[in-house]
Amino acid sequence: MEKPLPLITACGDGRKFTINEEAKKCLLSIDKPVSVVAIVGKCRTGKSYLMNRLYGKNSGFDLGSTVQSKTKGIWIWARPHPGDSNRYLLLMDTEGLHSVERGNVTYDNQLFTLAVLLCNCFVYNSQGTIDDNALRNLHLVVELTEHIKGQAGTNGRIEETGVTFNTYFPQFIWVVRDFALQLEIDGRACTSDEYLEHALQQKTGKSGAIFDPNALRECIRNFFPQRKCFTLQKPVDDDKLLRRLDQAKDSDIKPEFLKEAQRFCDVVLDDRGGFKVQGNTINGRRYVELAETYVQAINSGAVPCIGTAVETMMQVECQRALEESVKHYRKTMENNTVPNMPLFVHELSSLHKQANEETLGVYKGIAVFDAEGNYQTKLEEQLLAIYDEYVQNNIEASRRKCKSILQNAYSNIASKIQAGHYTGAGGYEEYQADYQKLKEIYANTERKGPCADEELECFNEDKKSEGKAIMAVDKAMSQKEKDLADAREKQQQEALRAKLLEQQQLQLQQELVDKEKSNLAMMQKVQAEFDKKIRATQERHEKDVQGKEEEHQRLLREGLRTQAAQHKEKLDVFKENQRELQEKYQLQIAKLGQEIRENPPKSDEGIVEFCAQLLGGLASGFLEGVGESLMKKFVREIVANLPLSGKGISCVIGKVIEQMAPQFLSNILQPEAWSYDLIKLFLGQLIKELTLGLLGRVGESLLKKLFGEIVAKIPFDGRGISCVIGEVIEQMASHVVFNIFQPGEALSRNFIKQFLGQLIGGLGLGILVEVGAYLWKNLTREIMANLPLSGGGVVRATGEVIGKIAILVIFKKFF
Ligand SMILES: Nc1nc2c(ncn2[C@@H]2O[C@H](COP(=O)(O)OP(=O)(O)O)[C@@H](O)[C@H]2O)c(=O)[nH]1
Ligand SMILES: [Mg+2]
């Protein structure tokens, strides 16, 4: 900045402040840490002149040679720090404060507050000596408590003493101008700092009604634990020159003044840390963010809260760091992957890993305020989501490439078919030889990406009938030879399919590894879910007790003594039971918490979230009788086997529930007492916790079916129930599919996509996030590969995949 600029000015009737755009623009461009010195004091006491000296200049801030104040509002002058080239020095000159008696007190207060909040070195400038009068003019310090809050939510402002603030507050320097006395206390020479300390000690004696100097002394000491004092003589004796000091040469000025002024400059410039918030340096941009938050608070009539302003600034900074890091990741991935697509899964994964690590490094370098790592977690989530885009793009690229290789290689066969080439005897053999050549060309073409085998399989499938037709007309072949050829082809196809399945499994594993997340964040999630459920249970119990107690009171009021006594007896038993149950839960939860802490889940948020939900459900009373041992088993199995795929989790749940079910039945429900109500209760709980999420849309009819099946077949063991549920869901799934599509209808890609999204949302995501993703992948692969499909085609593909994966995986496999 060549010259000082107004930073904060009053507008309108002087009640609102604005930040000046030009100054803001200058500050925004400063990305080095800043030191900020603010000066405050009465009008025409040489403040501007002293500030200019900090830059070693005579002019800069305008000096007022008339009584009228030259400086309005708060001015700022930013230049490279004279003592440290890695920093900027921001000088803040304020409009002169008015005396206590005159002037707009609120306006003064607000300027004073802004100055204190926006600097790391606060200079108070006064003339003469430090006496009660000088102190009186610093009365605004007392009012700081009225004008600033330390922490949001502290409503009793009076309770916040200076001690709360002083971590945020600047160093305090008192400069006494035109000091004409000897520096001494009780006749003994002293330093200017001792002089200040002496003046700030409690004095016995008068204490005015409006002004209590002792209270002010205490305030200053509390607010500003770091204090210094400088006493400056009159710079020149000549009054005319005094008025035109900006034109005076140093040789005109008294050496005593120059010496002390130099000492002042040295101390102020040697502030090492500069302006810091929570131990972090503040650059021009962050400074503007803070200033804006404070000005906004003051304008809205609110008491500016330092905690909130700092928090706001930190969040803005974290968000910025997050966005920059995301940009960095995108750019890196764009450069490293797109030109070389299709890539193999492991190549893409390692490029992601590299870019991910690099990006986190970048983030850590710029996100200095993300102490709790919240934004880092967000960043990691976003990076994974973007990575997923690249995975999808890569798959598309691979598909395109494979398809075109196959089409090109096939053109030879196509033209031969066109020419009726394979129709004679031995035609099938020749066709096979040509097809084999096609396969070789395909195999020898490199870098086909992740869809190579899948595309080949599809292609083979597509040409199956063609081969069969050629074989059928080949008179040279015996039936036996034909059967053999058929079997051979089937075998090949099976082998390819097996390989494909294995690859998919590998890919899934790779994705799980890619998704590895920080333990801490997941632990917190699990814990939070526990806490929420436990609180809800407690509240429910308390409400129950309260209702029963009210009933007891009512009976008493109505004079029904016997009933009241009976009711009371029941109530006591109920309370005792509740208490015991709660204790038991609390104990379980504590143990569980410890178990998980000792064996923290290692990967995949979806799994952990699901566990947390299920465990939370269990903890809050689901399957009360077997809750404890079920939870233990569950946690042990899952934690021990992490990282698990969605499928793995399904298996674990299935196993545990299967084992627990008989125990559940014998513990809770006597088999002979399997009344409709009890089954309903059990199913109700089970379905509520486990199933309704799975099929939200068909929930009602599903329940009906379930009841029908189960009631018809009572008594069941737990396993039987599981089977029934699985079966019914399977029926419902195909029912949904068939209801939606009319076979034969041609469907757009978007429509199919939308349908699949909904279906998966309803079917998979509610219960097992991971199975959902797995299911989704297979479905989309199957359907997209065959596009455009008719409604009937979609039904077939969906039905097949759901049959194969969802139902199988979720239910049949483990029950
Ligand atoms: N008596 C006295 N006058 C000074 C001193 N420093 C500057 N001045 C003069 O006082 C007038 C006001 O100075 P200025 O720095 O604008 O005061 P401000 O209003 O507090 O910023 C100018 O004419 C200066 O030349 C000082 O230490 N003592
Ligand atoms: Mg001035």
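Owing to the predicted nature of the structure, the values given are computational and were not obtained by experimental measurement. Note that ligands are numbered from 1 as they come in the structure, with each ligand's atoms numbered from 1 the same way.
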### Query
Does any N or O atom in D178 lie less than 3.5 angstrom from one in ligand 1, N or O only?
yes
### Task
Could you please spell out the steps behind the side chain to side chain donor-acceptor pair (under 3.5 Å) verdict for S192 and R263?
CA-CA 12 Å; S192 51; R263 200 170 70 86; 3.2 Å; yes
### Task
Dump the intermediate steps for side-chain contact (heavy atoms from CB on, under 4.5 Å) on I30 and Y287, then the final yes or no.
CA-CA 10 Å; I30 297 175; Y287 187 76; over 6 Å; no
### Summary
For R177, the atoms of ligand 1 under 4.0 Å from one of its heavy atoms are 5 (C), 6 (N), 26 (C), 27 (O)
### Task
Could you list which atoms of ligand 1 come closer than 4.0 Å to a heavy atom of P235?
26 (C), 27 (O), 28 (N)
### Query
Do L242 and ligand 1 have an N or O pair less than 3.5 Å apart?
yes
### Donor-acceptor contact below 3.5 Å, side chain N335 vs main chain T332
no
### Task
Please could you name the atoms of ligand 1 that T45 approaches to less than 4.0 Å, counting only its heavy atoms?
17 (O), 18 (P), 20 (O)
### Task
Look only at interatomic distance and state if R44 has a nitrogen or oxygen under 3.5 Å from any nitrogen or oxygen of ligand 1.
yes
### Query
Does E324 pair with K327 as a salt bridge, N-O distance under 4.0 Å?
no
### Message
Please state which option from A248, G46, C43 has its nearest heavy atom closest to atom 14 (P) of ligand 1.
### Response
G46
### Message
Working note: D178 + Q127, criterion side chain to side chain donor-acceptor pair (under 3.5 Å); need CA distance, chi angles, decisive distance, verdict.
### Response
CA-CA 6 Å; D178 294 0; Q127 257 176 333; 3.1 Å; yes
### Task
Could you say whether the N/O atoms of S48 and ligand 1 ever approach to under 3.5 Å?
yes
### Message
Within the 4.0 Å heavy-atom shell around R243, which atoms of ligand 1 are there?
### Response
23 (O), 25 (O)
### Query
In chain order, what residues pass the ring pair (Phe, Tyr, Trp, His ring centres under 6.0 Å) check against Y55, with sequence neighbours excluded?
W77
### Query
Just wondering, is there an N, O or S atom on S48 that's nearer than 2.8 Å to the Mg ion (ligand 2)?
yes
### Message
Pair Q315, Q319 - check side chain to side chain donor-acceptor pair (under 3.5 Å), show working.
### Response
CA-CA 6 Å; Q315 276 177 12; Q319 184 62 32; over 6 Å; no
### Those residues that, when tested against D250, pass side-chain hydrogen bond (donor to acceptor under 3.5 Å, both in side chains) (two or more places apart)
R53
#### Entry: Mode of D246 contact toward ligand 1 - side chain, backbone, both, neither (heavy atoms, under 4.0 Å)
neither
